[in-house]
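Scroll down for the structure; my scribbles are underneath it.
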Amino acid sequence: MGDTVISKIEKLKKEKNAVILAHYYVDDEIQRIADYVGDSFYLAKVATKIKEDVIVFCGVSFMGESAKILNPNKKVLMPDESADCPMAHMASVEKIEQMKKEYDDLAVVCYVNSSAKLKSHSDVCVTSSNALKIVESLPNKNIFFIPDENLGRYVSEKVKDKNIILNDGYCPIHKKMDKESLLKAKELHENAEVLVHPECTEDVLKLADYIGSTAGIIDYATNSSCNEFIVVTETGVLYELKEKNKDKKFYTISCEQICPDMKKITLDKILNCLENGSGEVVLDENLMKEAYLPLEKMLELGK
Ligand code: 13P
Ligand code: SF4
């Protein structure tokens with residue numbers, strides 16, 4: 001059954017001149033058939049260069065929206081339109097406008113895990129792989145960092161010469177990855193290095209040997225002389241980690257480390273959207289233009 005679906009997908013990809021992009025958090029079987037797999041920053045960069053007519057985006061809605069905004073002439077299809085990131089909605093335009101009035105020299109820095117509407121009211125987007133670099137490079141003294149409080153706090157601790165104002169958004173999945181579960185895992189694997197995504201809470205970040213984006217975690221483990229690692233992020237990353245490091249060991253912690261929305265993407269749904277053209281990302285023209293500017297700035301400053 002699996003093989004039949006895969007061969008049908010391959011056939012339709014050729015017929016429709018389509019390409020499949022997938023985030024590291026989707027199921028292994030999706031990562032195996034994708035043309036490009038990566039973290040949010042890599043996928044945004046790839047999206048700008050796609051020559052094919054159709055992009056099937058295996059991820060959550062903010063990723064598909066960014067691909068559409070960055071390459072508006074392509075048809076972007078989401079295999080499951082309900083796959084969304086709750087954090088992408090955890091900031092408000094009203095609060096952004098209030099901050100702009102309150103602070104003179106303010107840049108609104110928007111984590112790419114955000115709706116197109118939030119992006120359109122921001123000055124620059126960042127991902128977890130370039131947030132530090134981009135915030136450091138901004139001329140502004142005051143930064144309103146939306147929507148993720150944890151990533152914002154992590155950046156504010158590194159960039160001391162700026163006034164970074166935090167917003168109270170968070171990733172419900174990374175928030176559940178708690179210090180106690182990590183401490184237990186450290187007791188069991190005392191020689192393992194701890195790899196943590198910056199969406200985790202402050203107390204968990206303090207226990208990390210390495211903090212970085214999904215791709216950053218993969219690169220760190222691949223280049224490290226250590227042979228075992230405790231991975232504190234979504235477990236989809238384990239597929240690429242293990243593929244690249246067959247001789248190394250990777251452990252998870254005892255709490256749930258799965259993003260249910262990323263797991264909504266299935267082979268059947270990919271086949272279905274290729275067959276019917278369903279799940280197309282359609283955004284208002286003006287919104288696309290306004291949200292393009294902060295994304296373009298991210299590509300320029302974050303490279
Ligand atoms: P990356 O920037 O590592 O791709 O993270 C995306 C994400 O959704 C993390 O939860
Ligand atoms: Fe959003 Fe968290 Fe899922 Fe990433 S893991 S897509 S931040 S809910």
Side-chain angles (χ1 to χ4, degrees), residues 21-27 30-31 34 36-47 57-67 78-91 109-115 118-119 125-135 145-152 154-155 167-178 195-201 204-205 208 210-221 231-241 252-253 255-265 295 298-299 302-303:
L21 272 59
H23 191 273
Y24 283 127
Y25 289 174
V26 298
D27 274 342
I30 312 292
Q31 294 190 45
Y36 301 92
V37 184
D39 70 355
S40 304
F41 187 47
Y42 171 79
L43 293 171
K45 283 187 291 183
V46 165
F57 210 116
C58 302
V60 289
S61 53
F62 76 82
M63 297 176 178
E65 283 182 358
S66 296
M78 301 299 290
D80 187 316
E81 284 180 276
S82 74
D84 197 6
C85 168
M87 179 162 63
H89 310 282
M90 290 187 191
V109 174
C110 183
Y111 187 26
V112 78
N113 294 38
S114 53
S115 64
L118 288 174
K119 288 185 178 82
C125 287
V126 299
T127 75
S128 53
S129 68
N130 56 31
L132 258 180
K133 187 177 173 182
I134 291 180
V135 170
F145 195 101
I146 58 164
D148 188 12
E149 182 173 16
N150 290 316
L151 179 62
Y154 169 67
V155 172
N167 172 73
D168 57 4
Y170 60 90
C171 163
I173 317 305
H174 284 81
K175 196 179 178 178
K176 277 196 232 140
M177 300 175 201
D178 63 299
L195 313 175
V196 180
H197 196 283
E199 285 173 15
C200 289
T201 51
V204 171
L205 292 187
Y210 174 78
I211 299 168
S213 74
T214 320
I217 286 174
I218 294 167
D219 288 348
Y220 180 88
V231 180
V232 194
T233 188
E234 218 279 352
T235 51
V237 70
L238 290 170
Y239 174 66
E240 186 73 7
L241 273 172
T252 53
I253 58 177
C255 60
E256 179 91 9
Q257 290 179 251
I258 290 175
C259 177
D261 279 72
M262 288 283 189
K263 303 309 188 229
K264 285 180 179 173
I265 314 299
L295 279 169
M298 171 183 86
L299 296 177
K303 59 183 177 222

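Counting starts at 1 for both ligands and their atoms, following the listed order. Predicted, not measured: the structure shown is a model, and the values here were computed from it.
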Notebook entry, point to check: Near F62 CZ, under 6.0 Å, is it more than 12 heavy atoms from other residues, nucleotides or ligands?
Noted result: yes
More than 12 heavy atoms of other residues, nucleotides or ligands under 6.0 Å from NZ of K45: is that the case?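 Yes.
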Nearest protein heavy atom with distance in Å, relative to [atom]:
atom                    : answer
atom 10 (O) of ligand 1 : E199 OE1, 2.8 Å
atom 2 (O) of ligand 1  : S128 OG, 2.6 Å
atom 5 (O) of ligand 1  : H197 NE2, 3.3 Å
atom 3 (O) of ligand 1  : T214 OG1, 2.4 Å
atom 8 (O) of ligand 1  : N113 ND2, 3.1 Å
atom 1 (Fe) of ligand 2 : C85 SG, 2.3 Å

* Part of Y24 within contact of ligand 1 (heavy atoms, under 4.0 Å) ->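 Under 4.0 Å from ligand 1, Y24 contributes no heavy atoms.
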Check whether any side-chain heavy atom of Y42 lies under 4.5 Å from a side-chain heavy atom of T127, and answer yes or no.
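In short, these two side chains do not touch, never coming nearer than 4.5 Å.
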For residues K264 and M78, determine if any side-chain heavy atom of one lies less than 4.5 Å from a side-chain heavy atom of the other.
no
- Quick check: does S40 get an N/O under 3.5 Å from an N/O on ligand 1?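 Yes, since at least one N or O of S40 sits under 3.5 Å from an N or O of ligand 1.
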Looking at ligand 1, is there an atom of it that comes within less than 4.0 Å of some heavy atom belonging to [X]?
X    : value
H174 : yes
Y42  : no
H23  : yes

Sorted by chain and number, sequence neighbours left out, salt bridge (charged side-chain N to carboxylate O under 4.0 Å, His left out) with E65 holds for none
Give a yes or no answer on whether the side chain of [X] reaches the backbone of [Y] with a donor-acceptor pair at less than 3.5 Å.
X    : Y    : value
K119 : S114 : yes
Q31  : Y24  : yes
N130 : C125 : no
N167 : P147 : yes

Counting heavy atoms under 4.0 Å, the part of E234 that contacts ligand 2 is neither
Using heavy atoms and a 4.0 Å limit, tell me yes or no: is N113 in contact with ligand 2?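 Judged by the 4.0 Å heavy-atom criterion, N113 does count as contacting ligand 2.
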Here the atoms of ligand 1 under 4.0 Å from any heavy atom belonging to S213 are 3 (O)
Q: Please state whether the rings of Y210 and Y220 are parallel, tilted or perpendicular, taking 30° and 60° as the class boundaries.
A: parallel
Per-atom contacts of ligand 2 with [X], taking only distances under 4.0 Å to non-hydrogen atoms:
X    : value
P86  : 8 (S)
E199 : 2 (Fe), 7 (S)
Y25  : 4 (Fe), 5 (S)
C171 : 2 (Fe), 5 (S), 7 (S), 8 (S)

Fill in: N/O/S from C259 sitting under 2.8 Å away from atom 3 (Fe) of ligand 2
yes
With side chain to side chain donor-acceptor pair (under 3.5 Å) as the test, pick out the partner of T233 among H197, E199, Q257, H174.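 Answer after filtering H197, E199, Q257, H174: H174.
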Stepwise salt bridge (Lys or Arg N to Asp or Glu O under 4.0 Å) test for K263 and E234: CA-CA 11 Å; K263 303 309 188 229; E234 218 279 352; 3.1 Å; yes
